[in-house]
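Chain letters run A, B, ... following the sequence lines, proteins first and then strands; every chain starts at 1. Just so you know, these numbers come straight off a predicted model, no measurement behind them.
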Amino acid sequence: MRTAKSLGWQVKWVSNITDVGHLTQDDFADAGGEDRMEKALKSKEGEQFANVWALAEFYTQAYLEDWRRLNLLEPDVRPKATQHVREQIVMTQELVKSGHAYETPTGVYFDIDSKPDYGKLSGNTRDKLLEGVRDVVLDENKRQQSDFALWKKDDKHLMQWYSPWGWGFPGWHIECSAMARAYLGDTIDLHSGGEDNAFPHHECEIAQSESFTGKPFATHWFHVRFLQVEGEKMAKSSGNFYTVRDLVDQGYDPLAIRYALMSVPYGKPMNFTIQLLKDATGNVERFRECWRRVGAAIGTGPNPSTNPDLATHLGQAYSGALAAMCDDLNTSVAIAKVLEGAKAILRDPLDGSTARAATAYLEKVESLLGIAPEPRVAGAEEPSPDPLVGTKRVSQWINERALAKQAKDFALADSIRESLFAEGIEIRDTPDGTDWIRKR
RNA sequence: GGCGCCGUGCCCAAGUGGUUAAGGGAACGGUCUGCAAAACCGUCAUUCAGCGGUUCGAAUCCGCUCGGCGCCUCCA
């Protein structure tokens, strides 16, 4: 999305929230088992919620909070599945009318034989799927076991709607077809998702939508590979997963999490490790340092030791990064290019003119990759220019330390530095005196 | 059983037929400093899991072997 916008494209981005309960066994062949949300509600954690709607809302908010912390752009629309049940019912009705779906005593099912190219996205063919069918629930009423549910009849379900087939709830693929069409039309340009969704979910979306509209559903797809964690598969059952909030609570920089996740291209399997996160932190800091230098130099007069070619170098670095992103979102190369620019900014002193060029560069890098937000913009309130630490202000501590240094009392000077550091204040001695920065 | 991915320096990783195999981290050496921190400079793979083949030429194509992993259950 950032790449498209950086290219000047007009984009409409829809990211949905699935707030209707999927079933524990809603694989392609059937939709059976217990409702996931109902199950969650019955768990210990679920006791705090009045009903499934409250539970869905709670996790929706948590999700949005993590989303923002990772500096992800906000989509144009965030539809909820529960707000589009009407469209889902209409689509299902039409699919029945046109012979792509049929009603059984338990629900409405899509007939995959009515869509000969079913499986074209994942490479699964109808016949191979039949061979691969494992111990799924057999439903005698379905024409074949690979047919998937569009509607489930169930008047006991916690979330239920009235339909031409009585009370029940939608199958777990139809929501996306309905929402995609509602906001993006019959054919969409780019559809993404996790690799686990390629089959069956996206395959079923294609079948439903194309059978309904008679047009191609999506012209481009990309599937993000799963993460491993510390060399192992990340799974709830094994408990070896990190959440964004856990990592942030442990003091890791959310931007470093973002950077680490971007350091491997989306299509490659990635092993997320704490080491990787630590490696990322320094580079995120490097961009913050760029902003500090720019802030200090903006508006100053010409400096003979500034690099007159800086603007040109930055232009090249940015072009390289943009080209890399255009090459199937090659984030590894894009980051490498963008770092070249950061190093160029830090190499030589800035003056008013080069600081302006650097600002423009940093803003473009932020737009493209989201790893270099301007610090002032990120924090709403302006931090105190000379905060109180313990009994004294930072400037007073620095003066005291300077006196100690003059008296060659380095033990005292170092202890002042260390206690400030413990409060998140990092001391930097420069030829022009002592500066400090607030470490996050 | 079906579909698919990966193996590049101590670690992460780009490169997928042709000048010196990007970049980051770590480490080491240096500039600066009372010492640090930050920043910068330098060093760090004649070699790309192994074997065989195609080619004037391969990390890149083909085959085999070894090793790791994913989807088709919960998971994101």
Side-chain angles (χ1 to χ4, degrees), chain A residues 22-29 33-34 36 39 63 66 119 121-125 127-136 146 193-201 203 223-229 231-244 259-260 263-265 267-273 275-286 288-290 292-293 320-321 324 327 330-340 342-349 404-411 413-414 417-418 420-421 425-431 434-437 439:
Chain A
H22 288 167
L23 303 178
T24 52
Q25 293 167 23
D26 54 9
D27 65 342
F28 75 95
E34 196 177 4
R36 285 180 205 167
K39 191 177 171 190
Y63 166 72
D66 287 351
L121 178 68
S122 59
N124 289 300
T125 65
D127 294 338
K128 282 175 183 166
L129 286 172
L130 288 179
E131 288 170 27
V133 166
R134 297 181 303 183
D135 37 296
V136 292
S146 306
E195 62 171 325
D196 56 329
N197 287 144
F199 186 88
H201 185 55
E203 209 71 79
H223 291 97
V224 180
R225 300 231 31 182
F226 269 8
L227 239 40
Q228 281 181 269
V229 165
E232 285 177 35
K233 180 180 169 159
M234 179 162 160
K236 268 196 172 161
S237 53
S238 32
N240 67 329
F241 57 93
Y242 297 126
T243 64
V244 172
Y259 185 106
S263 65
V264 179
K268 290 278 180 85
M270 173 179 178
N271 181 14
F272 188 90
T273 61
Q275 186 57 50
L276 189 65
L277 191 49
K278 288 178 176 166
D279 291 353
T281 304
N283 284 321
V284 172
E285 277 304 326
R286 203 177 229 146
R288 290 207 177 94
E289 185 66 19
C290 285
R292 283 185 205 108
R293 299 261 187 112
D327 181 14
N330 193 331
T331 46
S332 301
V333 171
I335 287 174
K337 294 293 177 192
V338 128
L339 273 177
E340 285 176 18
K343 293 181 83 165
I345 290 173
L346 298 172
R347 187 171 297 126
D348 301 304
K405 281 169 67 175
Q406 268 177 18
K408 307 271 186 229
D409 186 354
F410 296 122
D414 290 351
R417 182 172 65 199
E418 275 156 33
L420 286 174
F421 189 78
I425 306 293
E426 185 176 293
I427 292 297
R428 293 187 177 175
D429 292 332
T430 75
T434 299
D435 283 338
W436 62 274
I437 63 157
K439 296 287 282 185

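- A/A404 is linked by a side-chain contact (heavy atoms from CB on, under 4.5 Å) to A/D409, A/L412, A/A413, counting only residues two or more places apart in sequence or in another chain.
- Counting to the nearest Å, the P atom of B/G7 and the CG atom of A/N271 are 14 Å from each other.
- With sequence neighbours left out, A/V229 forms a side-chain contact (heavy atoms from CB on, under 4.5 Å) with A/M234, A/N240, A/Y242.
- If you check every strand for non-hydrogen atoms under 4.0 Å, A/I335 touches nothing.
- Summarising the geometry, the separation between NE2 on A/H201 and C1' on B/U73 is reported as 17 Å, rounded to the nearest angstrom.
- In terms of the side-chain contact (heavy atoms from CB on, under 4.5 Å) criterion, residue partners of A/A260 (sequence neighbours excluded) are, by chain and number, A/F272, A/L276, A/L277, A/A280.
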Pairs under 3.5 Å (N/O, protein and nucleotides 27-35 of chain B):
| unit_1 | atom_1 | unit_2 | atom_2 | d |
| --- | --- | --- | --- | --- |
| B/G34 | N1 | A/D414 | OD1 | 2.9 |
| B/G34 | N2 | A/D414 | OD2 | 2.9 |
| B/C35 | O2 | A/R417 | NH2 | 2.9 |
| B/C35 | N3 | A/R417 | NH1 | 2.7 |
| B/C35 | N3 | A/R417 | NH2 | 3.4 |
| B/C35 | N4 | A/R417 | NH1 | 3.2 |
| B/C35 | N4 | A/D429 | OD2 | 3.2 |

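- When all heavy atoms of A/L346 and A/R293 are compared, the closest pair comes out as O-NH1, 3.1 Å.
- Partners of A/Q275 under the side chain to side chain donor-acceptor pair (under 3.5 Å) rule, at least two apart in sequence or in another chain, are A/D279.
- No contact: A/K278 has no heavy atom under 4.0 Å from any strand.
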For nucleotides 15-19 of chain B, give me every protein contact, N/O to N/O, under 3.5 Å, one pair per line with atom names.
| unit_1 | atom_1 | unit_2 | atom_2 | d |
| --- | --- | --- | --- | --- |
| B/G15 | OP1 | A/N330 | ND2 | 2.9 |

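- Searching all strands for a Watson-Crick or G-U wobble partner of B/G57 with both distances below 3.5 Å returns nothing.
- Within the shown strands, nothing qualifies as a pairing partner of B/C35 under the Watson-Crick or G-U definition with both distances less than 3.5 Å.
- With a cut-off of 3.5 Å on both pairing distances, the Watson-Crick or G-U wobble partner of B/C3 is B/G70.
- Remark: A/Y63 pairs with A/W67 by the ring-ring contact (aromatic ring centres under 6.0 Å, His included) rule, at least two apart or across chains.
- Residues satisfying the side-chain contact (heavy atoms from CB on, under 4.5 Å) test with A/D327, not counting sequence neighbours, are none.
- Across the C1' atoms, B/C32 and B/A39 are found 9 Å apart, a figure rounded to whole Å.
- Not counting sequence neighbours, A/N330 has no partner by the side chain to side chain donor-acceptor pair (under 3.5 Å) test.
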